[in-house]
Amino acid sequence: MYQLDNGTVEMPAAGADGASILLGPVRLADYLQRDALLQRLPDGGLAPEGQRARWAGDLQGNVNQLLLRQLAWRLKSQSLELSPGREGFNPDVQVELEITRLDSGPQHPAVLEAQWRVLDKLGKHQSSRLVRLQEQHQGSTGDQVRAQSELLQRLSEMIATAIEPMAVASRAPAKRNSPKTPTRPEPALPTIPAVEPIRTDLEVFRF
């Protein structure tokens, strides 16, 4: 039985001041929702790897835990939950993810195809991306699982990079409107009396 490798991660300390992330829904392609570890055949088809190679537990849960741990480590936050999240949990960012391909074969590299969408705290769509990742391996079943784990770790890194600006913005303190400094009235300019023309009673004659 095989299990995905979460990679070398360090969990943030309890109470770490990180953004609140809601991961999910995370959807796996229908053909991945089985216990048997599938192999990509030379003709492009898929078949179970004999009768012995199986996933240890639910692959969906394995993928979810890998992504959660990777994102918690990369975003330095322990405030992460899987969709739909507990009651009262108000995430700063939500990531919806669909994995449409995750497989390999003795003569085929490990391939991951996925799409994610990022939503802000108001549920407004902020960004989305389609990705296709590939990782070589040595051909053995164990090394194929390692390669697939590497792909999911790389996917986690890309998602973390995409949502990092939103996570940082959510932790920034709100700016307070500083009171306006009262301005002194400008001193009034002295009033200059209007100049009136001087009139005389003299008359000028020219010859």
Side-chain angles (χ1 to χ4, degrees), residues 1-11 21-75 78 80-86 89 91 93-119 127-163:
M1 302 184 78
Y2 295 88
Q3 191 174 31
L4 295 170
D5 183 7
N6 292 329
T8 303
V9 296
E10 295 182 7
M11 289 297 97
I21 311 295
L22 181 64
L23 176 61
V26 178
R27 301 183 181 90
L28 294 184
D30 291 341
Y31 80 93
L32 294 172
Q33 299 177 16
R34 60 184 67 223
D35 296 334
L37 201 157
L38 298 178
Q39 296 281 272
R40 182 69 64 173
L41 303 177
D43 63 359
L46 290 165
E49 201 282 316
Q51 298 297 322
R52 296 177 298 173
R54 307 179 72 83
W55 291 110
D58 179 40
L59 180 59
Q60 175 77 66
N62 200 177
V63 170
N64 290 345
Q65 289 303 313
L66 186 154
L67 295 173
L68 274 179
R69 291 177 179 275
Q70 282 280 325
L71 291 176
W73 169 52
R74 295 183 185 280
L75 297 172
Q78 283 213 351
L80 285 90
E81 294 195 12
L82 285 170
S83 178
R86 57 181 168 80
F89 181 69
V93 183
Q94 180 178 357
V95 181
E96 298 178 347
L97 175 64
E98 183 174 5
I99 297 176
T100 55
R101 179 176 175 182
L102 179 62
D103 58 62
S104 56
Q107 301 176 22
H108 285 265
V111 175
L112 168 65
E113 295 179 353
Q115 179 183 18
W116 76 73
R117 298 175 69 249
V118 178
L119 311 176
S127 64
S128 59
R129 185 174 176 184
L130 282 165
V131 296
R132 186 182 192 277
L133 305 176
Q134 184 170 303
E135 181 75 15
Q136 297 295 331
H137 56 78
Q138 300 300 318
S140 66
T141 304
D143 205 47
Q144 290 182 52
V145 174
R146 176 204 59 79
Q148 293 182 24
S149 302
E150 290 280 352
L151 293 178
L152 287 167
Q153 293 170 28
R154 286 166 55 189
L155 177 66
S156 302
E157 181 180 9
M158 297 173 72
I159 294 175
T161 301
I163 66 179

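Numbering of residues begins at 1 and proceeds along the displayed sequence. Only this structure's heavy atoms are used, side chains among them; waters, hydrogens and symmetry mates stay out.
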message: Using the side chain to side chain donor-acceptor pair (under 3.5 Å) criterion, which residues pair with Arg132? Sequence neighbours excluded.
response: Glu113, Gln134

task: Return the set of residues passing side chain to side chain donor-acceptor pair (under 3.5 Å) with Gln136 (not counting sequence neighbours), or none when no residue passes.
output: none

Donor-acceptor pair, side chain of His137 and main chain of His108, under 3.5 angstrom: yes

task: Compare every heavy atom of Met1 with every heavy atom of Ala56, then report the nearest pair and how far apart it is.
output: CA-CE, 3.6 Å

message: Could you check whether any side-chain N or O of Gln70 sits under 3.5 Å from a backbone N or O of Asn6, counting only pairs where one atom can act as donor and the other as acceptor?
response: yes

field: Close side-chain approach of Leu28 to Leu102, heavy-atom, < 4.5 Å
entry: no

Tabulate below the donor-acceptor pairs under 3.5 Å that side-chain atoms of residues 57-65 make, not counting sequence neighbours, or state none.
residue, atom, partner, partner atom, Å
Asp58, OD2, Gly61, N, 3.1
Gln60, NE2, Val26, O, 3.1
Gln60, NE2, Asn64, OD1, 3.2
Asn62, OD1, Leu4, N, 2.9
Asn64, ND2, Gln60, O, 3.4

- line: Here the gap from Ser156 atom OG to Leu68 atom CG, rounded to the nearest 0.5 Å, amounts to 9.5 Å

- request: Kindly indicate whether the side chain of Asp103, heavy atoms from C-beta on, has any atom under 4.5 Å from the side chain of Leu38.
  value: no

field: Close side-chain approach of Pro91 to Ile21, heavy-atom, < 4.5 Å
entry: no

- prompt: Can you find a pair of side-chain heavy atoms, one from Leu133 and one from Glu135, that are under 4.5 Å apart?
  reply: no

- prompt: Taking atom CD1 of Ile99 and atom CD of Gln115, what is their separation to the nearest 0.5 Å?
  reply: 12.0 Å

- line: Rounded to the nearest 0.5 Å, the CZ atom of Arg27 sits from the OG1 atom of Thr100 at a distance of 12.5 Å

- prompt: Do any N or O atoms from the side chain of Gln153 and from the backbone of Asp5 form a donor-acceptor pair under 3.5 angstrom?
  reply: yes

statement: Closest heavy-atom pair, Leu97 versus Ala114, reported as atoms and distance to 0.1 Å, is CD1-CB, 4.1 Å

statement: Separation between CD (Gln148) and CG (Asp143), nearest 0.5 Å, reads 10.5 Å

- request: Go through the steps to decide whether Arg40 and Leu46 satisfy the test side-chain contact (heavy atoms from CB on, under 4.5 Å), and finish with yes or no.
  value: CA-CA 5 Å; Arg40 182 69 64 173; Leu46 290 165; 3.7 Å; yes

message: For Leu71 and Val95: C-alpha separation, side-chain torsions, deciding distance, then whether side-chain contact (heavy atoms from CB on, under 4.5 Å) applies.
response: CA-CA 11 Å; Leu71 291 176; Val95 181; 5.5 Å; no

message: Looking at every non-hydrogen atom in both residues, tell me the closest pair between Phe89 and Glu81 and how far apart they are.
response: CD1-OE2, 3.7 Å

query: What residues form a side chain to side chain contact (heavy atoms under 4.5 Å, CB included) with Arg129, not counting sequence neighbours?
result: Trp116, Val131, Met158

query: Any salt bridge (charged side-chain N to carboxylate O under 4.0 Å, His left out) pairs touching residues 61-74, not counting sequence neighbours?
result: none

message: How about CZ on Arg101, more than 12 heavy atoms from neighbouring residues, nucleotides or ligands closer than 6.0 Å, or not?
response: yes

field: Residues in side chain to side chain donor-acceptor pair (under 3.5 Å) contact with Gln144, at least two apart in sequence or another chain
entry: Gln39, Ser104

message: Looking at every non-hydrogen atom in both residues, tell me the closest pair between Tyr2 and Ala53 and how far apart they are.
response: CE1-CB, 4.0 Å

